[in-house]
Asks: 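Got a structure for you, written out below as structure tokens; questions coming shortly.
All ligand and atom numbering here is 1-based and tracks the order in the structure.
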Amino acid sequence: MMPQFYSRREPVRYEGPNSASDLAFRWYNPDQIVLGKPMREQLRFAVAYWHTLCWPGTDPFGGDTFQRQWHHMADGMAAARMKADLMFETLDLLGVDFFCFHDLDIAPEGNSLKEFNANVSEIARIFEKKMAAGNKKLLWGTANMFSNRRFMAGAATNPDPDVFAYCAAQVKHCMDVTKDLGGANYVMWGGREGYETLLNTNIGHELEQAKRFLSLVVEYKHKIGFKGPILIEPKPQEPTKHQYDYDVATVYATISSLGLQKDVKVNIEQNHAILAGHSFEHEIALAAALGIFGGIDINRGDYQSGWDTDQFAMNVPEMTLAFLEILKAGGFTTGGLNFDAKIRRQSIDPDDILHAHVGSMDACARALLAAAKIIEDGKLAAIVAERYGKWNEPANRAMLEGKETLDQIAARVHAKGLEPQPRSGHQERIEGLVNTYL
Ligand code: XLS
Ligand code: NI
Ligand code: NI
């Protein structure tokens, strides 16, 4: 038995915006209806195993600052069981319904893939009981194919076909476990699917490998009757210098070249979006427009550093723009908001984990409420609709619908003496309007 980890045993409660408590929800009120759905269903929060329970606070210049008991135990399976207990305790305290994991987060590798699979399955059986008892759900599972040195030159895109085959075996098992646990999605983040130098790399070959692997995964999903989508998580670089799943547009090219838009969607992470030189809301809006919006890894990158700092998202005005795009896309179906976020390495008190999640859940709730107000009010949508309004005129629709050829359009322009009249984009006026909802 582990000594009590957090300072409290009572779940954190909603106390409203004026609460004076040190730890309470001020905005996240799970049963409050927002745009026809309770907040808990609009937000679908998930706690991430890896940042919450696996990362010990290391950075390139220093070691373990957290000194968690389970990182210093000789018996790996005993440590894994302790982490499982703690995950469900964390979910209960936070009132969060979902969790996410990599296979390697939940169980030790052992000495062979066979041993690893058995370890993963054993912990999954513990999950099964705890999920049923606490009404908790799995948002997604994923395979860690980036930590072990065998993956240093890539996973499915490794020059060595033995690694490709090994990955197939690892993913097969992780998909089986995710399905058995009723996972809503299966995620693929290609941390090592990229290259360090072109001098030793055959890009064309590696892209073919990546596509074949994705096809195999989708085929297997159908074979076992896994209902949820496969979610690819784009990221431009880190750990590799250049990653093949650079951003939403790049991933869409892969998915659509295979005709897999129905089975494969994207899981968008704020920090990855800004590393790719985009805004978070850009990536969401683009995925929605392309019909591949799946889920979110909610976190916050630092604008001054060029890496994945994975901080807890707290910036309400920025997040409002992201939630506006999520709501415009119709909200989540299978996806949700996975806290792919870690406390800073100086945040060594166990309760810092609770404060981080509660603060960010409140920020998400505020952003959701502000975005819902923008939608309910309808002013912004009306401005945009009006801006594109002329496309509704039959002659203009005809161009989009392919009813006019280039030369016919040209003839019409000349016959009418058409001269486009520039109109204001009203950016500042609209930005001011958006601020009235915050
Ligand atoms: C790393 C990724 C990773 C994925 C899951 O940058 O965000 O944590 O979300 O493999
Ligand atoms: Ni992520
Ligand atoms: Ni990340």
Side-chain angles (χ1 to χ4, degrees), residues 44-56 58-60 98-106 120 138-148 151 154-157 167 170-171 174-175 177-178 183-194 210 213-214 217 228-248 250-251 264-278 280 283-284 287 293-303 305-313 322 335-344 356 360:
R44 292 168 64 82
F45 288 124
V47 172
Y49 231 90
W50 54 104
H51 287 316
T52 307
L53 297 170
C54 305
W55 182 61
T58 45
D59 74 6
F98 295 92
F99 68 113
C100 295
F101 63 77
H102 300 87
D103 45 9
L104 188 57
D105 302 335
I106 67 171
V120 167
L138 178 62
L139 188 64
W140 45 264
T142 187
N144 177 326
M145 302 195 299
F146 44 87
S147 294
N148 191 291
F151 304 119
T157 62
C167 290
Q170 189 178 339
V171 166
C174 195
M175 287 176 79
V177 168
T178 301
N185 313 268
Y186 183 82
V187 162
M188 293 170 77
W189 168 64
R192 303 266 176 208
E193 311 292 29
F213 198 81
L214 181 59
V217 167
I230 306 298
L231 302 182
I232 296 182
E233 188 174 310
K235 186 175 182 182
Q237 80 262 345
E238 195 205 9
T240 53
K241 174 186 151 59
H242 177 95
Q243 266 159 232
Y244 295 134
D245 297 332
Y246 196 95
D247 58 2
V248 168
T250 313
V251 169
V264 186
K265 314 267 174 207
V266 284
N267 191 52
I268 299 169
E269 179 169 320
Q270 195 273 1
N271 207 154
H272 300 182
I274 67 170
L275 286 176
H278 301 302
F280 188 24
E283 289 289 80
I284 300 167
F293 175 64
I296 296 286
D297 266 11
I298 189 73
N299 65 14
R300 167 179 46 136
D302 185 290
Y303 290 109
S305 60
W307 67 91
D308 203 12
T309 59
D310 287 341
Q311 296 164 84
F312 277 85
L337 292 165
N338 167 49
F339 283 106
D340 196 349
K342 57 183 186 238
I343 47 177
R344 299 302 88 191
S360 195

Asks: Test your reading of the structure: does His272 have an N or O sitting under 3.5 Å from an N or O of ligand 1?
Replies: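 Yes; at least one N/O pair falls below 3.5 Å.
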Asks: As an exercise, identify every atom of ligand 1 less than 4.0 angstrom from a heavy atom of Asp308.
Replies: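 Result: 1 (C), 6 (O).
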Asks: Under 2.8 Å from the Ni ion (ligand 2), which protein N, O or S atoms do you find? Ignore water molecules.
Replies: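 Checking every protein N, O and S atom gives Glu233 OE2, Glu269 OE1, Asp297 OD2, Asp340 OD2.
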Asks: Check whether any side-chain heavy atom of Phe293 lies under 4.5 Å from a side-chain heavy atom of Ile284, and answer yes or no.
Replies: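 Yes. Closest side-chain heavy atoms under 4.5 Å.
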Asks: For His51, state whether at least one heavy atom is located under 4.0 Å from any atom of ligand 1.
Replies: no
Asks: What are the two closest heavy atoms between Ser360 and Phe339, and how far apart are they?
Replies: OG-CE2, 3.3 Å
Asks: Among Thr142, Val266, Asn185, which residue meets the side chain to side chain contact (heavy atoms under 4.5 Å, CB included) test with Leu231?
Replies: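 Considering Thr142, Val266, Asn185, a side chain to side chain contact (heavy atoms under 4.5 Å, CB included) with Leu231 is found only for Asn185.
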Asks: Find the distance between CZ (Phe99) and CG (Asp105) and round it off to the nearest 0.5 Å.
Replies: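 Phe99 atom CZ to Asp105 atom CG measures 11.0 Å (nearest 0.5 Å).
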Asks: Which value, rounded to the nearest 0.5 Å, describes the distance between Glu193 atom CD and Leu214 atom CG?
Replies: 11.0 Å
Asks: Kindly compute the distance separating CD (Gln243) from CG (Leu275), expressed to the nearest 0.5 Å.
Replies: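 Atom-to-atom, Gln243:CD and Leu275:CG are 9.5 Å apart.
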Asks: Would you kindly say whether Asp340 and Asn299 are connected by a side-chain donor-acceptor distance under 3.5 Å?
Replies: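 Absent: no donor and acceptor within the cut-off.
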Asks: Report yes or no: does a heavy atom of Val187 sit under 4.0 Å from some atom of ligand 1?
Replies: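 False for this residue.
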Asks: Of all heavy-atom pairs between Ser147 and Leu104, which one has the smallest distance, and what is that distance?
Replies: CB-CD2, 4.1 Å
Asks: Could you tell me, atom by atom, which parts of ligand 1 come under 4.0 Å of a heavy atom of Asp340?
Replies: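 Once the distances to Asp340 are compared, the set is 2 (C), 3 (C), 4 (C), 7 (O), 8 (O), 9 (O).
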Asks: Using a 4.0 Å heavy-atom cut-off, which part of Glu233 comes near ligand 1: side chain, backbone, both, or neither?
Replies: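 Glu233 to ligand 1: side-chain contact only, backbone stays beyond 4.0 Å.
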Asks: Is it the side chain (CB and beyond), the backbone, both or neither of Asn144 that lies under 4.0 Å from ligand 1, heavy atoms counted?
Replies: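 Neither part.
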Asks: Of all heavy-atom pairs between Thr178 and Gly141, which one has the smallest distance, and what is that distance?
Replies: OG1-CA, 3.6 Å
Asks: Rounded to the nearest 0.5 Å, what separation is found between the SG atom of Cys167 and the CZ atom of Phe151?
Replies: 4.5 Å
Asks: Less than 3.5 Å between some nitrogen or oxygen of Lys235 and one of ligand 1, yes or no?
Replies: yes
Asks: Looking only at N, O or S atoms in Asp308, which is nearest to the Ni ion (ligand 3)?
Replies: OD2
Asks: In terms of atom number and element, which parts of ligand 1 are under 4.0 angstrom from non-hydrogen atoms of His102?
Replies: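 Near His102, meaning under 4.0 Å from one of its heavy atoms, ligand 1 has 5 (C), 10 (O).
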Asks: Using a 3.5 Å cut-off on N or O atoms only, is Trp189 in polar contact with ligand 1?
Replies: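 It does not: no N or O of Trp189 is found under 3.5 Å from an N or O of ligand 1.
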Asks: Classify the side-chain pair Trp189/Asp245 by whether it contains a donor and acceptor separated by less than 3.5 Å.
Replies: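 No, because no side-chain N or O of Trp189 sits under 3.5 Å from a partner of the opposite role on Asp245.
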